[in-house]
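Accompanying notes for the structure given below.
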Amino acid sequence: MSNETSIKRRTSKSFQKMKEAGEKITMLTAYDFATAKYVDEAGIDSILVGDSLGMTMLGYDDTVNVTMNDMLVFTSAVSRGVKRALLIADMPFLSFQISTEQTLMNAGKLIQAGANAVKIEGGSDFIISQIKALTQAGISVTGHLGFTPQYINTIGGYYVQGKSYENTIKMLEIAKKLEDAGVFAIVLEMVSEESAKYISENLTIPTIGIGAGRYCDGQVLVIDDVLGRFYGNTPKFSKQYVNIKEIIKNAISQYGNEVKNIIFPSEEHIFKLPKEEKEKLDNTLK
Ligand code: KIV
């Protein structure tokens, strides 16, 4: 069997099986074709085209400026690099808050751009009704509770959520409503470890934590934080595995120096005229 045919695509069902088997689910964000290929080939279970691309790719301060068009461009680029991972695309701010018709239309466009599922932040009654409409239309949905960056202007800052008994019980109640509405997984962002553990243990579907401690059913990080590529602040909950920014800057400054000092291009990078043609050129008076 060739490599191509032996690739088994991850699905929302695989997530459920992993939770039941106690196997942790791995997820990373990616926003472009090449990075999607690296993440996929490294065997990560799921790729999220997060609206964090507003900061990592577009240079905004937060995610609220990200549009459907932005999400479609990045989602289709990523989808061309993915063979194995489950591809989830974020529904950006205002793409699911206005009407069910718009929610269905926008989610449908992300699926047609190559996503296997969409992710929606929040758990208000309106959002739950949108999730029901999506799952009834055959669109797989991931929920997102805890710190929800699209609501930064109403939350008022980057605060850890679920810091009391009451908040934890409330968050579990909402998570159960999301589960009943048909989401196949829930991202828990910046939630105390104990609350995230309690919520994960009381749901049938898997939780994917980011800054939510060790007991979620899976973990997700922003690829730029993992690779040391991001220019802004790296959050406490993230882990940097390599300083790619320094590696890239060194390579670029080496290139600049070599051009200035006529070291690049060298013999192996150039194309030559055939000998006779060169002779004609040499014999032509300038
Ligand atoms: O946009 C994103 O990258 C996310 C993750 C932080 C979960 O939503």
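The model shown is predicted, which means the values in this text are computed figures rather than measured ones. Both counts, for ligands and for their atoms, begin at 1 and track the order of listing. By convention here, the first residue in the shown sequence is residue 1.
We find that D40 and K83 are not joined by a salt bridge, their nearest charged nitrogen and carboxylate oxygen being 4.0 Å or further apart. Between D180 and K176 there is no salt bridge, since no side-chain N of the basic residue sits under 4.0 Å from a carboxylate O of the acidic one. Salt-bridge check for E277 with K280: passed, with a basic side-chain N closer than 4.0 Å to an acidic carboxylate O.
At a heavy-atom distance under 4.0 Å, only side-chain atoms of K119, from C-beta outward, approach ligand 1. No part of L53 comes within 4.0 Å of ligand 1, judged by heavy-atom distances.
Taking every heavy atom of H144 and a limit of under 4.0 angstrom, the matching atoms of ligand 1 come to 8 (O). Using a 4.0 Å cut-off to heavy atoms of D90, the atoms of ligand 1 that qualify are 1 (O), 2 (C), 8 (O). Close approach to G50 involves these atoms of ligand 1, each under 4.0 Å from a residue heavy atom: 1 (O), 2 (C), 3 (O). Atoms of ligand 1 lying under 4.0 Å from at least one heavy atom of I210, given by number and element, are 6 (C).
Between Y31 and ligand 1, no pair of N/O atoms sits closer than 3.5 Å. At a 3.5 angstrom cut-off on N or O pairs, T29 does not count as close to ligand 1. Of the polar atoms of D51, at least one N or O is found under 3.5 Å from an N or O of ligand 1, judged by distance alone.
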